[in-house]
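Below, chain A is the first sequence line, B the second, and so on; all start at residue 1.
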2 protein chains.
Amino acid sequence: MKKADTEAREQAITLLNEAGLRPTRQRVVLAQVLFSNGDRHVTAEQLHGEAEADGAAISLATVYNTLHQFKGAGLLREVVVDSGRAYFDTNTKEHHHFYVEKTGLLEDIAGELISMTSLPKLPENKVVDRVDIVIRLREKA
Amino acid sequence: MKKADTEAREQAITLLNEAGLRPTRQRVVLAQVLFSNGDRHVTAEQLHGEAEADGAAISLATVYNTLHQFKGAGLLREVVVDSGRAYFDTNTKEHHHFYVEKTGLLEDIAGELISMTSLPKLPENKVVDRVDIVIRLREKA
DNA sequence: AAGAACTTTAGAATGATTCGAAAAATGCAC
DNA sequence: GTGCATTTTTCGAATCATTCTAAAGTTCTT
Ligand SMILES: [Mn+2]
Ligand SMILES: [Mn+2]
Ligand SMILES: [Zn+2]
Ligand SMILES: [Zn+2]
């Protein structure tokens with residue numbers, strides 16, 4: 001076990017403690033995979049695969065549970081770009097996305113790079129929870 | 001059978017002909033339900049229910065087939081606001097959406113009401129297919 | 001009417017996600 | 001530390017939306 005691993009592990013544990021989540025074996029592994037490599041977008045299936053590749057046996061049900069708990073704790077957000085598969089995003093700052101349907105490529109657009117001129121009037125008794133902009137791309141002709 | 005029904009039916013048939021789709025019994029019914037009541041957003045399940053309520057027995061598989069055909073012909077577009085359920089939109093003009101997750105409410109925002117200040121630079125060899133803006137709302141505190 | 005092409009259909013299959021209930025791990029009180 | 005209450009994990013079954021398959025039915029052209 002290298003020093004770097006131990007460090008990442010401790011960071012993951014700190015993160016979980018601060019979020020009020022018990023640092024169980026599987027949560028620590030998933031937090032490590034998710035948060036020690038910069039911003040990323042993953043599906044449950046992908047994350048499960050990575051944890052497995054890391055030598056950690058975690059059930060897919062636990063991966064789903066954990067993703068939802070992390071989301072609830074504000075460590076992750078969900079990105080909706082495809083009806084049929086849920087992406088989770090480690091970047092919780094305000095930002096938007098490029099999406100290439102054919103390849104599944106999902107890439108961040110910094111929040112400041114886009115802004116809207118005006119907001120239309122909202123339906124009665126509602127407030128804005130969040131504005132999601134998805135720029136759908138395709139291969140250049 | 002009233003005159004209005006006959007008229008809506010003929011319009012539906014014309015629409016299908018112009019789109020190069022054979023006006024089969026089930027396509028005519030679905031086109032009528034979809035296009036003779038102003039802009040709307042439906043799921044396959046909803047549309048199937050409405051057709052049934054109209055006295056037309058159509059299999060759910062056919063509803064799915066038809067929605068995809070209509071989409072392919074440019075009569076419908078798909079709106080992605082929820083990973084898990086596909087919405088089809090009879091409004092094919094450029095526009096955006098308000099979405100209330102809790103209730104499933106999906107409402108149009110006219111295209112002109114929103115505009116972006118600038119577009120960030122795109123990934124290599126890609127062009128914009130479409131820009132989708134979803135303003136997610138929740139009940140006012 | 002006949003044949004070719006296209007469409008519908010039921011039901012099985014798939015894929016993503018959730019559920020239920022039992023087993024395991026964890027945190028606290030003694 | 002031990003014991004107990006609480007939380008978490010896990011497997012497998014269940015669910016839900018959607019797609020597939022192959023057979024049966026319809027439509028269009030001649
Ligand atoms: Mn979810
Ligand atoms: Mn689709
Ligand atoms: Zn992102
Ligand atoms: Zn719309």
Handout entry: Contacting residues from residues 55-67 of chain A, given that a heavy atom lies under 4.0 angstrom of DNA chain C
Key =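 Nucleic-acid contacts, sorted: A/Leu60, A/Ala61, A/Tyr64.
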Problem - Flag, side chain of A/His68 to backbone of A/Tyr64, donor-acceptor distance under 3.5 Å - result: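 Between the backbone of A/Tyr64 and the side chain of A/His68 there is a qualifying donor-acceptor contact (under 3.5 Å).
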Starting from [atom2] on [N], measure out to [atom1] on [X] and report it in whole angstrom.
| X | N | atom1 | atom2 | answer |
| --- | --- | --- | --- | --- |
| A/Glu78 | C/dA16 | CD | C1' | 12 Å |
| B/Leu16 | C/dC6 | CG | C1' | 14 Å |
| B/His48 | D/dT18 | NE2 | P | 13 Å |
| B/Leu47 | D/dT18 | CG | C1' | 15 Å |
| A/Lys71 | C/dT17 | NZ | P | 11 Å |
| B/Asn17 | C/dC6 | CG | P | 16 Å |
| B/Glu45 | D/dT19 | CD | C1' | 14 Å |

Exercise for the section: Look at B/His68 and D/dT18 and indicate whether a side-chain polar atom (N or O) is within less than 4.0 Å of OP1 or OP2. Expected result: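 No, because none of the side-chain N or O atoms of B/His68 sits under 4.0 Å from OP1 or OP2 of D/dT18.
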Exercise for the section: Look at the side-chain N and O atoms of A/Arg85 and state whether any lies under 4.0 Å from the OP1 or OP2 oxygen of D/dA17. Expected result: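 Negative; the distance criterion is not met.
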Considering non-hydrogen atoms only, spot the tightest contact between [X] and [Y] and give its length.
| X | Y | value |
| --- | --- | --- |
| A/His48 | A/Leu60 | NE2-N, 3.6 Å |
| B/His95 | B/Ile109 | CB-O, 3.2 Å |
| B/Thr90 | B/Gly38 | OG1-O, 3.9 Å |

Problem - NZ/NE/NH1/NH2 to OD/OE distance under 4.0 Å, B/Arg40 and B/Glu50 - result: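 So B/Arg40 pairs with B/Glu50 through a salt bridge.
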Problem - Nearest-0.5 Å distance, OG1 of residue B/Thr62 to CZ of residue B/Arg25 - result: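 Separation between the atoms: 9.0 Å.
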Handout entry: Straight-line distance of B/Arg9 CZ to B/Gln32 CD, nearest 0.5 Å
Key =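 With rounding to 0.5 Å, CZ (B/Arg9) is 7.0 Å from CD (B/Gln32).
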Exercise for the section: Would you mind reporting whether A/Leu47 and A/Thr43 have side-chain heavy atoms less than 4.5 Å apart? Expected result: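 Side chain of A/Thr43 against side chain of A/Leu47, heavy atoms only: no contact under 4.5 Å found.
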Exercise for the section: Could you label the plane-to-plane angle of the B/Phe35 and B/Phe70 rings as parallel, tilted or perpendicular, counting under 30° as parallel and over 60° as perpendicular? Expected result: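 Judged by the thresholds at 30° and 60°, the geometry between B/Phe35 and B/Phe70 is tilted.
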Polar-atom pairs under 3.5 Å, protein N or O versus N or O of nucleotides 22-25 of chain D: list them with distances, or write none.
none

Exercise for the section: Go through A/Gln46 and A/His41 one step at a time and tell me if the side-chain contact (heavy atoms from CB on, under 4.5 Å) criterion holds. Expected result: CA-CA 10 Å; A/Gln46 269 168 30; A/His41 304 101; over 6 Å; no
Practice task
Step through it carefully: locate the ring centre of B/His97, locate the ring centre of B/Tyr87, and say whether they are under 6.0 Å apart.
Solution key: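 No, the ring centres sit 6.0 Å or more apart.
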Nucleotide N/O of nucleotides 3-8 of chain D paired with protein N/O under 3.5 Å:
unit_1: D/dT8; atom_1: OP1; unit_2: A/Arg27; atom_2: NH2; d: 2.5

